Amino acid sequence: MAAPTFTATPGTRDLLNPTTSRMRELVETFADEATKAGFGQIVPPMFEDLDVFVRLGESTDVVSKELYAFTDAGERRLALRPEFTASVCRAYVQHRPTTPWKAWYAGPAFRQEKAQRGRYRQFDQVGAEVIGSHDPDLDTELIALAWRFYARLGLSQVRLVINTLGDKADRPPFLDALTAHFTAAGDALSAESRATLEKNPLRVLDSKREQDAEIIATAPALADFLSDEAAAAFDRVQAGLRLLDVPFVVEPKLVRGLDYYTRTTFEFVSDALQSAQNAVGGGGRYDGLVADLGGPADPGVGFALGVDRTLLACDDEGVFGASDAELDAFVVDTTGEFAALRLVDTIRRAGLRADRAYDGRSMKAQMKAANRSGASVAVIVGPDEAAADELVVRPLRSDAEQRRVATSDLVPALRGLLD
RNA sequence: GUGGCCGUAGCUCAGGUGGUUAGAGCGUCAGGUUGUGGCCCUGAAGGUCGGGGGUUCGAGUCCCCUCGGUCACCCCA
């Protein structure tokens, strides 16, 4: 391979045509669903004070080893956002909008991980957050919003798993019980999990190692430690999802990797995705995060969906149909004058899509380009037509005959052919 | 970050045990049809075989290093 001097840095890539238009469509679909649900868009900065993200949990991988941190010329300690939730909470504390505040977002986030299918160092997310309400119906609505979004994209192999992590006060006794259980297992527990146990016992539950499966299966259940309020809220979320016909499975081992979660957590998993990274979205309630960022003790709930993974899932499920024509007209000009320049401008100003060939190529070459362009109609002008102030319009995707029209009738003629 | 697999034209890939000017298909460009695309035919351009070192009379082929890709672990979207 002719090695280029520069290539996209590891974990990043260039997104080109069909992917970019699918991505735009996906974001527009999400924006539409969020808007219908009363959400306004927020565009936070891509980097923040390092400490904004550190509050996500110092024991989490996302903070401890995946953050892109740097110091700017003003000696400020900054970091590229690894997700949006912290920024949204920071913005909430800064602007104090009336509650419940509902915000949606779309854009890239950054984590320094080794790339693999469905995991990149720069990746795109869409998501929604609500700050300022404890109402479990919001949890339900948010989950339903994401569910409807996947359905609207045409994905049918997405599964919803939910769990509750209880309130902050429920956590310590449970963690103690968990630690005792895993410590008692001794060497039966994998070395990796024993290391995890030191940092965050909760996440041992998330281990995929077969060696740990049985020990995890017999671990204490958080359900037995839940406060009455947290248990009631979880019941209501489940009842709400049933009411809305959103199918789900309760997965007690679903703990997720950010420390800030409380009560409801959920994850969307694609069974179509033939890769280890099969979680296409996830979220939950974070009732202490706003306070951690120096704000009022206001609760929050939200989710983020991975755009790249969702697109992969769409690919693997084959939901992308044949794309529509990208162009209405392709101008073929052999006059050597300004005909093409003027004609594409005329067509574009009429609201239609037009392209042309350049570099004075032969008619045959231009016709081939017209064919490849996917345009519906070729608009041909040579010396004869130019002299008569006429054009040839030739349908490219049907057997209809080409015909000559006056230059001034071009746009109506095109419209007639395109209907 | 750790491990497995891989790295030959723009793309997908051939190139037994090292041996003369490295091939194909697709794509691109040009021509066959000096005013008409899709099919067909002909031709052309395009590669310091990821990079560096080594072994050898000789390396795309063997060894080492390095870079990159990919899959998995970890973790997460």
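None of the values given here were measured: they were computed from a predicted structure. Chain naming here is simple, since letters A, B, ... match the order of the sequence lines and numbering starts at 1 in each.
For A/F47, the CZ atom sits in a loose shell: 12 or fewer heavy atoms of surrounding residues, nucleotides or ligands are nearer than 6.0 Å.
Rounded to whole Å, the P atom of B/G10 lies 28 Å from the corresponding atom of B/C5. Nucleotides B/U56 and B/U12 are separated by 34 Å at their C1' atoms, to the nearest Å. Here, B/G1 and B/G19 have their C1' atoms 44 Å apart, quoted to the whole Å. Comparing the C1' positions of B/U28 and B/G16 gives a spacing of 34 Å, expressed to the nearest Å. Remark: the separation of the P atoms in B/C64 and B/G3 is 15 Å, to the nearest Å. A gap of 9 Å separates the P atoms of B/C13 and B/U8, to the nearest Å.
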Short heteroatom pairs, N/O only, protein and nucleotides 69-71 of chain B, under 3.5 Å:
| unit_1 | atom_1 | unit_2 | atom_2 | d |
| --- | --- | --- | --- | --- |
| B/C71 | OP2 | A/R117 | N | 2.8 |

Close N or O pairs between protein and nucleotides 41-45 of chain B (under 3.5 Å):
none

Dump every N/O contact between nucleotides 30-34 of chain B and the protein below 3.5 Å, one line per pair.
| unit_1 | atom_1 | unit_2 | atom_2 | d |
| --- | --- | --- | --- | --- |
| B/A30 | OP1 | A/R361 | NH1 | 3.2 |
| B/A30 | OP2 | A/R361 | NH1 | 3.1 |
| B/G32 | N7 | A/K364 | NZ | 3.0 |
| B/G32 | O6 | A/K364 | NZ | 2.9 |

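Salt bridge A/D287/A/R285: present, at least one basic N to carboxylate O contact under 4.0 Å.
For A/R372 and B/U28, the shortest distance from a side-chain N or O to OP1 or OP2 is below 4.0 Å. Contact annotation: A/R81 side-chain N/O to B/A77 OP1/OP2 distance is not under 4.0 Å.
Protein atom CZ of A/R121 is 18 Å distant from nucleotide atom P of B/C74, rounded to whole Å. One interatomic measurement links the two molecules: CZ of A/F6 to C1' of B/G51, which rounds to 15 Å at whole-angstrom precision. Separating the CG atom of A/L254 from the P atom of B/A77 is a distance of 10 Å, rounded to the nearest angstrom. When the P atom of B/G37 is taken as reference, atom CZ of A/R394 falls 7 Å away, rounded to whole Å. Going from atom CZ of A/R397 over to atom P of B/U36 covers 22 Å, rounded to whole Å. One can place CZ of A/R13 at 17 Å from P of B/A77, the figure rounded to the nearest angstrom. Atom pair A/M367:CE and B/C39:P shows a separation of 13 Å (rounding to whole Å applied). Rounding to whole angstrom units, CD of residue A/E113 and C1' of B/C75 are separated by 6 Å.
Among residue pairs with one or both ends in residues 368-393 of chain A, those qualifying as salt bridge (charged side-chain N to carboxylate O under 4.0 Å, His left out) are A/E385-A/R404, A/E390-A/R404; sequence neighbours excluded.
For the strand RNA chain B, secondary-structure stems (runs of at least three Watson-Crick or G-U pairs, all distances below 3.5 Å) span B:1-7 with B:67-73, B:10-13 with B:23-26, B:28-32 with B:40-44, B:50-54 with B:62-66.
A/R111 pairs in a side-chain contact (heavy atoms from CB on, under 4.5 Å) with only one of the listed residues (A/R119, A/R121, A/E83), which is A/E83. Checked against A/R152 for a salt bridge (Lys or Arg N to Asp or Glu O under 4.0 Å), the options A/E25, A/E33, A/E28 give a single hit: A/E33.
Of the residues in residues 82-93 of chain A, none lies under 4.0 Å from RNA chain B by heavy-atom distance.
Along RNA chain B, the nucleotide nearest to A/T60 and the one nearest to A/N371 differ in position, and the one closer to the 5' end is contacted by A/N371.
With 3.5 Å as the limit, one finds no donor-acceptor pair spanning the side chains of A/Q122 and A/T12.
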